Undergrad: 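Just dropping this structure here.
Model, not experiment: these values are computed from the prediction. Here is how names work: the chains are called A, B, and so on, in the same order as the sequence lines, proteins then strands, and each is numbered from 1.
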Amino acid sequence: MSVLINVPTPLRTITKDRTVEVDGSTLAECINNLEEKFNGIKKRLINDEGEINKFINFYINGDDVRHSKGLETEIEPGSSIDIVPAMAGG
Amino acid sequence: MKVNCLICKICKYEYEVSPKYVCEMCFGPLEVKYNWEYIRKNISIEKISKGPKSIWRYIDLLPLESDYEIDLQSGFTPLVRAKNLGEYLGLDNLWIKNDSLNPTFSFKDRVVSIASNKAKEFGLTTLACASTGNLAGSVAAHGAKGGLETVVFIPKNLEKEKIISAGVYNPKIVTIDGTYDDVNRICTILAEEKEGWAFANINMRPFYSEGSKTLGYEIVEQLGWEAPDNIICPGGSGSLFTKVWKGISEFEKLGFIKNTNTKMHIAQAEGCSPIINAIDNNSDFIEPVIPETIAKSIAIGNPADGLNSVNLVNKTNGTGTSVSENEIIQGIRLLAETEGIFTETAGGVVIASLIKLSRQNKLPSDEKTVCLITGNGLKTPDVVSNIKTFDIDSKSSNLDEILSKV
């Protein structure tokens with residue numbers, strides 16, 4: 001069982017589909033696997049310093065990874081990752 | 001045309017005017033880019049002064065291209081001189097902008113007036129929102145008035161008064177068993193999937209947020225075309241805070257006022273103060289928190305305009321203050337007992353912050369200070385529900401006893 005990523009509209013020009021399956025035991029590994037499948041997507045998510053783009057929120061099974069270990073947050077197989085634009089709400 | 005396009009605040013990429021809020025290049029927020037040449041030709045103080053006693057007197061500065069259809073007559077709420085509260089705090093020039101008197105009893109009527117009318121302009125048929133309560137009420141009322149299908153998403157543990165004051169207009173109410181930030185995540189995902197849906201504070205956000213400028217416009221107009229020295233504003237997402245100032249600076253840009261030096265002060269509850277934390281730590285990023293406060297209407301742990309708010313405080317030499325739960329309740333009571341205004345917990349946060357700032361001598365007593373009271377106390381009555389009463393038995397004819405109670 002892989003990990004399912006829900007892809008936001010701005011990235012569907014790259015992935016075509018709105019969900020993508022990846023493998024990895026941390027968020028960082030899943031993003032690297034995503035980059036292997038869709039070359040060029042990683043730089044939209046991670047900046048040059050290796051940090052998450054500040055306008056994006058990553059959720060693993062509904063939990064914001066910044067409340068956990070960020071890119072090093074562990075992921076179980078069968079989990080969902082939401083990539084959600086941060087500029088909304090309130 | 002008043003609006004040229006949407007523009008990314010970060011990378012400046014431009015987009016056609018549409019229900020879009022996020023840049024496809026860098027994920028930055030999109031904003032409305034106005035055609036100022038066109039606006040200048042059509043606007044004047046005289047024209048504004050003759051306009052309706054609502055936000056629509058400022059229609060020339062709002063992002064609608066056609067005449068508004070949905071009108072609950074929001075805005076143009078009283079700006080009252082708070083003489084008693086001022087005296088209590090040693091402030092000679094204190095004012096309360098009372099947005100609790102809007103049609104659905106919060107400032108959200110301003111922003112939803114824009115979002116709902118723009119939704120109609122786009123031909124969208126369902127009006128929706130992610131809400132901490134006040135927005136749901138306003139969206140439900142505007143949806144009803146405008147004949148739009150309405151769906152509101154709220155945290156399950158919202159105050160029942162807020163659920164009632166949205167539910168009475170008969171929207172579909174969807175609850176999420178979590179915080180506002182959980183509601184926001186789910187709605188942001190839904191906003192990408194539901195065609196024909198206008199999420200007021202998500203895909204309509206660039207237009208929606210412009211409605212808050214009208215608070216800034218009104219304060220200036222009601223002070224006699226003068227900007228105040230200080231504004232104290234509650235901080236939820238930070239959108240209101242930044243747009244109030246935008247309103248003031250647009251009036252300066254148009255030459256209606258000059259040499260403004262308004263200091264912007266933001267107020268949050270200690271139980272949810274990610275913006276204050278960033279200000280105190282001199283930080284250039286917002287560390288999200290998990291909210292825990294009675295000030296539920298501003299319980300946003302991951303504020304979309306948090307960084308913009310921090311920058312605005314620094315730019316205007318303002319301050320950021322956080323207050324305790326008890327201080328919030330004392331703030332509600334003090335405003336009611338001195339000025340006869342009953343505000344909800346977000347207003348309590350503002351008054352508690354006012355008290356702190358005045359005790360720290362950060363508000364010179366002769367400076368014009370305006371407090372934004374954004375919501376009505378009847379939305380959060382439980383926090384002040386321990387009311388003392390003197391009780392007389394209905395059958396009593398013992399005069400001494402009756403007199404003793406009075």
Undergrad: Where does B:Ile10 contact chain A at under 4.5 Å (heavy atoms): side chain, backbone, both or neither?
TA: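 Side chain only.
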Undergrad: More than 12 foreign heavy atoms under 6.0 Å from NZ of B:Lys246: is that the case here?
TA: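 Yes, enclosed.
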Undergrad: Using 4.0 Å as the upper bound for N to carboxylate O, is an ion pair formed by A:Arg18 and B:Glu193?
TA: yes
Undergrad: Would you say B:Glu192's side chain and A:Thr9's backbone share a donor-acceptor pair under 3.5 angstrom?
TA: yes
Undergrad: Measuring only between side-chain heavy atoms, which start at C-beta, is B:Asp181 closer than 4.5 Å to A:Asp64?
TA: no
Undergrad: Could you state the interatomic distance from CD1 (B:Ile189) to CG (A:Asn6), rounded to the nearest 0.5 Å?
TA: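 Here the rounded value is 5.5 Å.
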Undergrad: Side chain, backbone, both or neither: which part of B:Cys129 has a non-hydrogen atom closer than 4.5 Å to chain A?
TA: neither
Undergrad: So for atom CD, which belongs to B:Glu292, do other residues, nucleotides or ligands contribute more than 12 heavy atoms lying within a distance under 6.0 Å?
TA: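 Atom CD in B:Glu292 is not crowded, with 12 or fewer foreign heavy atoms closer than 6.0 Å.
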Undergrad: With the side chain counted from C-beta on, respond yes when A:Lys54 and B:Leu307 share a heavy-atom pair under 4.5 Å apart, and no when they do not.
TA: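 Touching, per the 4.5 Å side-chain cut-off.
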Undergrad: Taking all non-hydrogen atoms of both residues into account, name the closest pair between A:His67 and B:Val289 and its distance.
TA: CE1-C, 3.8 Å
Undergrad: Could you measure the distance from the CZ atom of B:Phe27 to the CG atom of A:Asn53? Nearest 0.5 Å is fine.
TA: 7.0 Å
Undergrad: Which atom names give the shortest non-hydrogen contact between A:Pro10 and B:Val22, and what distance separates them?
TA: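 Shortest heavy-atom separation between A:Pro10 and B:Val22 comes out as CG-CG1, 4.0 Å.
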Undergrad: In terms of heavy-atom proximity below 4.5 Å to chain A, should B:Ile186 be classed as side chain, backbone, both, or neither?
TA: neither
Undergrad: Test of understanding: with side chain to side chain contact (heavy atoms under 4.5 Å, CB included), list the residues that count as partners of B:Ala191, not counting sequence neighbours.
TA: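 So B:Ala191 forms a side chain to side chain contact (heavy atoms under 4.5 Å, CB included) with B:Phe199, B:Ile202.
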Undergrad: Around atom OH of B:Tyr13, are there more than 12 heavy atoms of other residues, nucleotides or ligands at under 6.0 Å?
TA: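 Result for OH/B:Tyr13: open.
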Undergrad: Taking all non-hydrogen atoms of both residues, which atom of A:Phe55 and which atom of B:Cys26 are closest, and how far apart?
TA: CD1-O, 4.0 Å
Undergrad: Could you tell me whether a side-chain N or O of B:Arg185 sits under 3.5 Å from a main-chain N or O of A:Tyr59, the two making a donor and an acceptor?
TA: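 Judged by distance alone, no pair lies under 3.5 Å.
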Undergrad: Tell me, out of B:Gly236, B:Pro288, B:Gly301, who's got the most heavy-atom pairs with chain A below 4.5 Å.
TA: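 Among the listed options, the one with the most contacts to chain A is B:Pro288.
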Undergrad: Which bit of B:Val183 is near chain A, if near means a heavy-atom gap under 4.5 Å: side chain, backbone, both or neither?
TA: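 Contact with chain A is absent: no heavy atom of B:Val183 under 4.5 Å.
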Undergrad: Carefully, step by step, assess B:Glu24 and A:Leu11 under the rule side chain to side chain contact (heavy atoms under 4.5 Å, CB included).
TA: CA-CA 7 Å; B:Glu24 283 171 11; A:Leu11 294 178; over 6 Å; no
Undergrad: Please tell me if the side chains of B:Tyr21 and A:Pro85 come closer than 4.5 Å, counting only heavy atoms from C-beta onward.
TA: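 The answer is yes, as the side chains (C-beta and beyond) meet within the 4.5 Å cut-off.
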Undergrad: Please indicate whether B:Lys156 has more than 12 foreign heavy atoms, meaning atoms of other residues, nucleotides or ligands, lying under 6.0 Å from its NZ.
TA: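 No, because the 6.0 Å sphere around NZ of B:Lys156 holds 12 heavy atoms or fewer from other groups.
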